[in-house]
Q: 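Take a look at the following structure, please.
Small disclaimer: the values here were computed from a predicted structure and weren't measured. We count residues from 1, following the sequence as given.
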Amino acid sequence: MAEQRPFNPGVSLAGAVDLEALKHQVKAEPGQAGGAPAAGGYVIDTTEGTFQAMVQTSTTFPILLLLWVPTDDRLFDMARKLGDAVNQLNGQIQLSRIDIASNPSIAQAFQVQGAPALFALIGGRPMPILQGLPSDEELQQITEVVVPKLIAAAQQAGVTGSAPYSGDPDSDAANSASAASAQDQIPPEHQEAYMLAQQGDYAGAAAAYGKVLESDPNDSRAARERAKALLLARSGSANVREVRAAAAEHPNDVDAQLAVADIDMIGGQIQDAFDRLLDFVAAGHKADIEPVRQRLLEYFTIPEPSDERLKRARRRLATLMY
């Protein structure tokens with residue numbers, strides 16, 4: 001991952017949000033009538049607490065980073081058009097929005113002096129795209145020309161995964177629920193693990209979900225979230241190109257194959273992850289079947305139980321074991 005500029009939370013950002021924005025402030029929450037467009041689909045809101053985790057995921061899929069102020073109505077049209085463009089690409093890229101008024105250290109890290117500012121993030125490396133309000137023509141060029149070029153550049157760099165889908169941004173639930181109310185839907189016994197995951201402490205989250213499972217081994221949600229946390233703790237910050245190169249150079253090394261299967265799972269390439277490990281065993285590596293079986297059992301908790309890919313992989317694993 002490219003080295004990130006250090007955060008300087010103590011640095012004063014007086015003037016970072018221009019005074020003109022005060023004339024355009026609205027009180028409505030994002031998604032409410034008169035407010036900013038809601039997050040959802042392939043659009044997320046990032047804070048200082050989740051920033052590093054978001055940077056890590058840019059090693060799996062490209063991210064369009066919008067630094068804005070969600071109470072400034074001058075920025076609503078830009079945010080809406082960027083969100084619409086990203087959502088139409090079905091996970092090829094994610095839009096991460098950061099409120100620089102509430103998260104000033106991120107604005108300082110990117111050395112921006114006001115909102116909006118637009119960056120691309122690929123493999124942890126930020127690339128500036130725009131500073132200031134774009135014209136209609138500039139915004140159209142960004143959505144129709146720049147974004148596809150970013151996706152192509154990411155693919156050339158080996159960043160080929162898919163961003164996770166986070167729900168319909170136009171649904172009543174998405175428009176009316178704030179982050180706090182979404183958190184309220186988390187079972188009380190999951191709260192600690194959930195918060196650790198949101199903060200990017202995936203190892204801690206996995207351990208906390210493990211405690212939940214000790215109390216209730218049938219808690220399928222805890223099992224799924226634990227598997228996801230273990231996956232990100234192992235490989236969330238891995239260099240995708242290096243991992244894939246190592247797997248190609250060492251086709252008989254089980255650890256190399258497990259590592260690249262992790263990358264496939266993080267990128268949403270579930271079938272590829274299943275096939276890679278099952279093909280590895282089928283190619284004459286039955287001595288390594290136990291670590292492969294353990295990793296697959298972990299993966300099997302992540303898709304929906306009705307997923308046909310899961311059913312096929314379970315059957316094939318059972319066949320290979322006997």
Q: Determine, using the 4.5 Å side-chain heavy-atom cutoff (strictly less than), whether Val86 and Ile129 are members of one ILVMFWY cluster.
A: yes
Q: To the nearest 0.5 Å, what is the distance between OG1 (Thr160) and CG (Asp272)?
A: 9.0 Å
Q: Is the backbone of Gly114 close enough, under 3.5 Å, to the side chain of Gln131 for a donor and an acceptor to pair up by distance?
A: yes
Q: Does Glu48 offer a backbone N or O that forms a donor-acceptor pair with the side chain of Asn103 under 3.5 Å?
A: yes
Q: Same cluster or not: are Val212 and Ile302 linked, directly or through other Ile, Leu, Val, Met, Phe, Trp or Tyr residues, by side-chain heavy atoms under 4.5 angstrom apart?
A: no
Q: Find out whether Thr301 and Ser220 are in side-chain contact, i.e. whether some heavy atom of one side chain is under 4.5 Å from a heavy atom of the other.
A: no
Q: Using only atom types and a distance under 3.5 Å, with no angle test, would you say the side chain of Asp253 pairs donor to acceptor with the backbone of Ala256?
A: yes
Q: Take Asp275 and Arg312, measure what salt bridge (Lys or Arg N to Asp or Glu O under 4.0 Å) needs, and give me the verdict at the end.
A: CA-CA 10 Å; Asp275 287 346; Arg312 290 193 299 269; over 6 Å; no
Q: Take a 6.0 Å sphere around CZ of Arg309 and say whether it holds more than 12 heavy atoms from other residues, nucleotides or ligands.
A: yes
Q: Say whether Asp262 and Tyr299, considering side chains only, have a donor N or O and an acceptor N or O under 3.5 Å apart.
A: yes
Q: With a 4.5 Å cut-off on side-chain heavy atoms, are Val159 and Thr59 touching?
A: no
Q: To the nearest 0.5 Å, what is the distance between OH on Tyr209 and CG on Asp219?
A: 9.5 Å
Q: If you look at every heavy atom in Val281 and Ile289, which pair is closest and at what distance?
A: CG1-CD1, 3.9 Å
Q: Run the salt bridge (Lys or Arg N to Asp or Glu O under 4.0 Å) check on Arg316 and Asp279 step by step: do they pass?
A: CA-CA 10 Å; Arg316 191 175 175 204; Asp279 289 348; 2.7 Å; yes
Q: Going by heavy atoms in the side chains, are Arg234 and Arg295 under 4.5 Å from each other?
A: yes
Q: Salt bridge check, Asp84 against Arg80: does any charged N sit closer than 4.0 Å to a carboxylate O?
A: no
Q: Pro187 versus Arg221: any side-chain heavy-atom pair under 4.5 Å?
A: yes
Q: Are the side chains of Pro164 and Phe61 in contact, using a 4.5 Å heavy-atom criterion?
A: yes
Q: Pick from Leu317, Leu296, Val254, Leu320: which one makes a side chain to side chain contact (heavy atoms under 4.5 Å, CB included) with Leu277?
A: Leu296
Q: Compare all side-chain heavy atoms of Val292 with those of Arg276 and state whether any distance is below 4.5 angstrom.
A: no
Q: Count I, L, V, M, F, W, Y as connected when their side-chain heavy atoms are under 4.5 Å apart, and connections chain through other members. Are Leu232 and Leu213 then in the same cluster?
A: no
Q: Provide the closest heavy-atom pair for Ala79 versus Leu95 in the form atom of the first, atom of the second, distance.
A: O-CD2, 4.4 Å
Q: Is there a chain of hydrophobic side chains (I, L, V, M, F, W, Y, each step under 4.5 Å between heavy atoms) that links Leu230 to Leu196?
A: no
Q: When rounded to the nearest 0.5 angstrom, what is the spacing between CG in Leu118 and CD1 in Ile142?
A: 5.5 Å
Q: For Trp68 and Pro37, work out which heavy atoms get closest and say how close.
A: CH2-O, 4.5 Å
Q: What closest approach, in Å, do Ile44 and Met54 show between heavy atoms, and which atom pair accounts for it?
A: CD1-CG, 4.3 Å
Q: Write down the atom of Leu139, the atom of Met78, and the distance for their closest heavy-atom approach.
A: CD2-CA, 3.9 Å
Q: Taking the side chain as every heavy atom from C-beta outward, state whether Ser235 and Val243 have any pair of such atoms under 4.5 Å apart.
A: no
Q: Any idea which heavy atoms bring Ile122 and Pro62 closest together, and the distance?
A: CG1-CB, 4.0 Å
Q: As an exercise, state the distance from CD1 of Ile100 to CD1 of Ile106, rounded to the nearest 0.5 Å.
A: 10.0 Å
Q: How many angstroms lie between CZ in Arg226 and CG in Leu231, if you round to the nearest 0.5 Å?
A: 12.0 Å
Q: Would you say Ile270 and Met265 make side-chain contact, with heavy atoms under 4.5 Å?
A: yes
Q: Sequence neighbours left out, what passes salt bridge (charged side-chain N to carboxylate O under 4.0 Å, His left out) with Arg293? Give chain and number order.
A: Glu290
Q: Working to the nearest 0.5 Å, report the span between CG of Asp264 and CD of Gln257.
A: 10.0 Å
Q: When you look at CD of Gln271, are more than 12 heavy atoms from neighbouring residues, nucleotides or ligands closer to it than 6.0 Å?
A: yes
Q: Tell me, yes or no, whether the heavy-atom count around Lys211 atom NZ, taken from other residues, nucleotides or ligands under 6.0 Å, exceeds 12.
A: no
Q: State whether the side chain of Ser58 and the backbone N or O of Gly124 hold a donor-acceptor pair below 3.5 Å, judged by distance alone.
A: yes
Q: Please state whether the rings of His285 and Phe280 are parallel, tilted or perpendicular, taking 30° and 60° as the class boundaries.
A: parallel
